[in-house]
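A quick note: this is a predicted structure, and the numbers were derived from the prediction, not measured. Both backbone and side-chain heavy atoms feed into the values below; hydrogens, waters and symmetry mates do not. First the proteins, then the strands, lettered A, B, ... as listed; each starts at 1.
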Number of protein chains: 2
Amino acid sequence: MVESKHTEWYDRASRALQDAGYRRGGARHALLELLDTQACACSAIEIEETLRHRSHATRTVSRASIYRILAELEALSLVTKLEVGQATWRFEATRGGKHHHHHLVCDRCGRLMPFADEALERELVRVSTRVPLAVAEHEVILRGACERCTDDAYKSF
Amino acid sequence: MVESKHTEWYDRASRALQDAGYRRGGARHALLELLDTQACACSAIEIEETLRHRSHATRTVSRASIYRILAELEALSLVTKLEVGQATWRFEATRGGKHHHHHLVCDRCGRLMPFADEALERELVRVSTRVPLAVAEHEVILRGACERCTDDAYKSF
DNA sequence: GTACCTGCAAATCGTTTGCAGGAAA
DNA sequence: TTTCCTGCAAACGATTTGCAGGTAC
């Protein structure tokens, strides 16, 4: 098996877990490795499937453990829990400012894609100060038809 | 029972349902009346409770019907389905431009409040054109601690 | 009278929890 | 050896569906 390189997030997460007193369980390790490779949010079910089927996956992990570990990671702010899609939680590694992004959701195929925009970010920060809430996080979701689905519609004529 | 005034939304929704060939069922009517009075999104369960307990509620409606009717209304763009809170759908009447708003969610008590901001809206429209998706809707959620919860924290010292 | 509407109860699906065996320290 | 970690299976809660009776037209 090829030794794969980890990102900064993986190292930070490993350390944080250790500092928080968690042991080096195999399931937890497998989840960290997987989350580290994901560009956008994925659901617990997707994580389970990926770990089960991907050849390079470290091992399979039971669904209960997936939820438990994700909850631990969320409590340490190592993953962010999103509500996007089908009334299902999705999770993604909480990376630094540079990787901060929002989400595009295709209404037709359910595809989820990240996007980022600096001006929008500034606007959100400004709005956050004018609102009766001590804002800790924000989240923007744009819904519509993705290019793939738009193309398909075109081809079907 | 006092005859209550309906908003433009109620009339538009009634007409749209009729045009779409739906009959004037009692459950559907009760739901329209209720949704018409709500300032912000509510869940199917909340709707059921409200219809059951409120004195001015027209009648009770079974949960299955609530979901079915909400799905019809959503298909006609008469309500908007949101994912805010506990992996639960919430629904609110789709009103004209003036009532367009986004949501503040309190992480501590779960309270949901609407907010609106014109500059943010313009920014969202701009961003929508620069993204690989034919954007049909957008949604912004700000999470944090509401004033009530912040006050409580203060008082507890 | 027919076709649609509605309520009830059962099924589904994502998520959470209880418990017992297995692994890390 | 002790305590934590994990998987399994059962519990849970929101949502959906099948079906039978009731209602609008």
Could you check B:H101 against B:F115 for side chain to side chain contact (heavy atoms under 4.5 Å, CB included), going step by step and ending with a plain yes or no?
CA-CA 5 Å; B:H101 63 257; B:F115 81 93; over 6 Å; no
Heavy-atom closest pair, residues B:A30 and B:R59:
CB-CG, 3.7 Å
In short, A:H6 meets A:D11 closest at the heavy-atom pair CB-OD1, 4.4 Å
Can you measure [X] atom [atom1] to [N] atom [atom2] for me and round it to whole angstrom units?
X	N	atom1	atom2	answer
B:E48	C:dT6	CD	P	15 Å
B:E72	D:dT17	CD	P	13 Å
A:R90	C:dG14	CZ	P	11 Å

Taking only side-chain nitrogens and oxygens of [X], does any of them come within less than 4.0 Å of OP1 or OP2 of [N]?
X	N	value
B:R28	C:dC5	yes
A:S65	D:dT6	no
A:R63	C:dT17	no

Would a 4.5 Å heavy-atom cut-off, applied to side chains only, mark A:L35 and A:L73 as touching?
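A side-chain contact under 4.5 Å exists here.
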Heavy atoms from C-beta onward define the side chain here; which of [options] lies closest to that of [X]?
X	options	result
A:I45	D:dC5, C:dG14, C:dG7	C:dG14
B:R23	D:dT6, D:dC4, C:dA3	C:dA3
B:S62	C:dT6, C:dG7, C:dT17	C:dG7
A:R24	C:dA25, D:dC5, C:dT17	C:dA25

Working to the nearest 0.5 angstrom, can you tell me the gap between A:H102 NE2 and B:L124 CG?
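If we round to the nearest 0.5 Å, A:H102:NE2 and B:L124:CG are 9.5 Å apart.
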Show the distances under 3.5 angstrom between N or O atoms of the protein and N or O atoms of nucleotides 10-13 of chain C.
none

Any base atoms under 4.0 Å from A:A27, or only sugar-phosphate, or nothing? Heavy atoms, all strands.
sugar-phosphate
With the 4.5 Å side-chain cut-off for hydrophobic clustering, are B:V140 and B:L112 part of the same group?
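The answer is no; the residues belong to distinct hydrophobic clusters.
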Is the base of D:dT16 touched by the side chain of B:R68 through a donor-acceptor pair closer than 3.5 angstrom?
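It does not, because no donor-acceptor pair links the side chain of B:R68 to the base of D:dT16 below 3.5 Å.
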